[in-house]
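Following: one structure in structure tokens, then a few remarks.
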Amino acid sequence: MELLVESFIVDKETLAYEIERNKPMPSKNHGYLQGRILSEIDHYYRKQFTLISEVEIQMPERPNCVPDVAIYPKMEINFWDDELVMTEMPLVAIEIISPTQTDTELIKKINRYFEAGVQSCWLVMPSFQAISVYSGIGKYQFFSSEMTLKDDIAKIELPLKDIFD
């Protein structure tokens with residue numbers, strides 16, 4: 001059985017994936033950008049931050065959230081004592097719009113992050129080759145691919161041509 005979801009054909013297996021993980025099925029562009037973002041931030045800010053992709057974060061109210069990338073102040077990683085769910089909020093939560101998501105869904109998720117104590121959120125828009133950096137609910141700056149992203153809260157600056165190239 002296939003369903004039409006916002007101009008995309010979605011099969012039952014895709015829906016099961018999304019329901020089970022409470023997030024959309026990733027796409028080529030989504031995965032590519034997630035890798036580029038991780039790589040560029042790690043390259044420039046490895047000493048200041050610990051980057052974790054696809055980690056479940058315990059939220060004050062259910063459901064928990066799984067950002068595409070979570071940026072934490074530098075932390076010790078203990079490979080013998082893993083965590084399945086992070087109870088500490090990241091400094092920055094990064095969400096990349098997937099083909100089956102709407103910006104409204106992600107804005108609601110970003111608002112939940114702020115209510116839970118996250119200090120900065122990035123909304124990556126692949127089709128616009130742009131990133132909006134939120135510093136609070138409804139407060140954001142828009143950066144296109146020719147610009148340098150500036151997150152004043154995390155003190156991160158990234159030329160977006162390096163992300164979208």
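The residues of the chain are indexed from 1 along the displayed sequence. Keep in mind that what you see is a predicted model, and the values were worked out from it rather than measured.
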Audit row: Q141, Y134, side-chain hydrogen bond (donor to acceptor under 3.5 Å, both in side chains) steps and yes/no: CA-CA 7 Å; Q141 288 184 285; Y134 286 77; over 6 Å; no
Residue pairs meeting salt bridge (charged side-chain N to carboxylate O under 4.0 Å, His left out), one or both in residues 34-53, sequence neighbours left out, come to R36-E40, D42-R46
How many angstroms lie between CG in D165 and CD1 in I163, if you round to the nearest 0.5 Å? 10.0 Å
Could you tell me whether the side chains of D68 and H30 share a donor-acceptor contact shorter than 3.5 Å? yes
Could you check if a side-chain atom of I57 sits within less than 4.5 angstrom of a side-chain atom of V85, using non-hydrogen atoms only? no
Could you state whether V118 and M75 fall into the same hydrophobic cluster, counting links through intermediate Ile, Leu, Val, Met, Phe, Trp or Tyr residues with side-chain heavy atoms under 4.5 angstrom apart? yes
Testing the basics here: between I96 and L33, what is the closest heavy-atom pair and its distance to 0.1 Å? CD1-C, 4.2 Å
Which heavy atom of M125 sits nearest to which heavy atom of S132, and what is that distance? CE-OG, 3.3 Å
Nearest 0.5 Å, please: how far is CD1 in I156 from OH in Y45? 6.0 Å
Would a single hydrophobic cluster contain both M89 and I52, if residues Ile, Leu, Val, Met, Phe, Trp and Tyr are joined by side-chain heavy-atom contacts under 4.5 Å? yes
Quick one, V69 and L38 - any side-chain contact, counting heavy atoms below 4.5 Å? yes
If I take atom CG from residue D151 and atom CH2 from residue W122, how far apart are they, to the nearest 0.5 angstrom? 6.0 Å
All heavy atoms of E95 vs all of P67, minimum pair found to be OE2-CA, 3.2 Å
So how far is it from I41 CD1 to D162 CG, rounded to the nearest 0.5 Å? 12.0 Å
One should read off an interatomic distance between K139 NZ and S120 OG, to the nearest 0.5 angstrom, of 13.0 Å
Smallest separation among heavy atoms of V66 and Y113, with atom names: C-OH, 3.9 Å
Under 3.5 Å: donor-acceptor pair, side chain of R112, backbone of M59: no
Any link between L158 and L51 through a network of hydrophobic side chains (Ile, Leu, Val, Met, Phe, Trp, Tyr) touching at under 4.5 Å? yes
Main chain of L123, side chain of Y140: is a donor-acceptor contact present, judged purely on distance under 3.5 Å? no
For the residue pair I71 and P90, establish whether any side-chain heavy-atom pair is separated by less than 4.5 Å. no
For E105, does its backbone N or O pair with a side-chain atom of K108 as donor and acceptor, under 3.5 Å? no
Neighbour count above 12 (heavy atom, 6.0 Å) for K74 NZ: yes
Please determine whether residues F164 and F142 belong to a single hydrophobic cluster, defined as Ile, Leu, Val, Met, Phe, Trp and Tyr linked transitively by side-chain heavy-atom distances below 4.5 Å. no
Looking at CD of Q101 and OG1 of T104, how far apart are the two atoms once the value is rounded to the nearest 0.5 Å? 11.0 Å
So K161 and E146, salt bridge (charged side-chain N to carboxylate O under 4.0 Å, His left out) or not? Walk me through it. CA-CA 6 Å; K161 64 179 175 50; E146 301 84 33; over 6 Å; no
Determine whether a donor-acceptor pair (N or O, by modelled atom type, separation under 3.5 Å) exists between the side chain of Y32 and the backbone of S27. no
Steps toward side chain to side chain contact (heavy atoms under 4.5 Å, CB included) verdict (I131, L160): CA-CA 8 Å; I131 299 175; L160 290 188; 3.7 Å; yes
Using modelled atom types and a 3.5 Å cut-off, is there a donor and acceptor pairing between side-chain atoms of Q129 and backbone atoms of P126? no
Of all the heavy-atom pairs spanning V124 and I37, show the shortest one and how long it is. CG2-CD1, 3.7 Å
Is it true that I94 and V133 fall in one hydrophobic cluster, defined by side-chain heavy atoms closer than 4.5 Å? yes
Distance-minimising heavy-atom pair for F114 and Q119: CE2-O, 3.4 Å
Could you check whether any side-chain N or O of S144 sits under 3.5 Å from a backbone N or O of A130, counting only pairs where one atom can act as donor and the other as acceptor? no
Just checking, any donor-acceptor pair under 3.5 angstrom between side chains of N64 and Q58? no
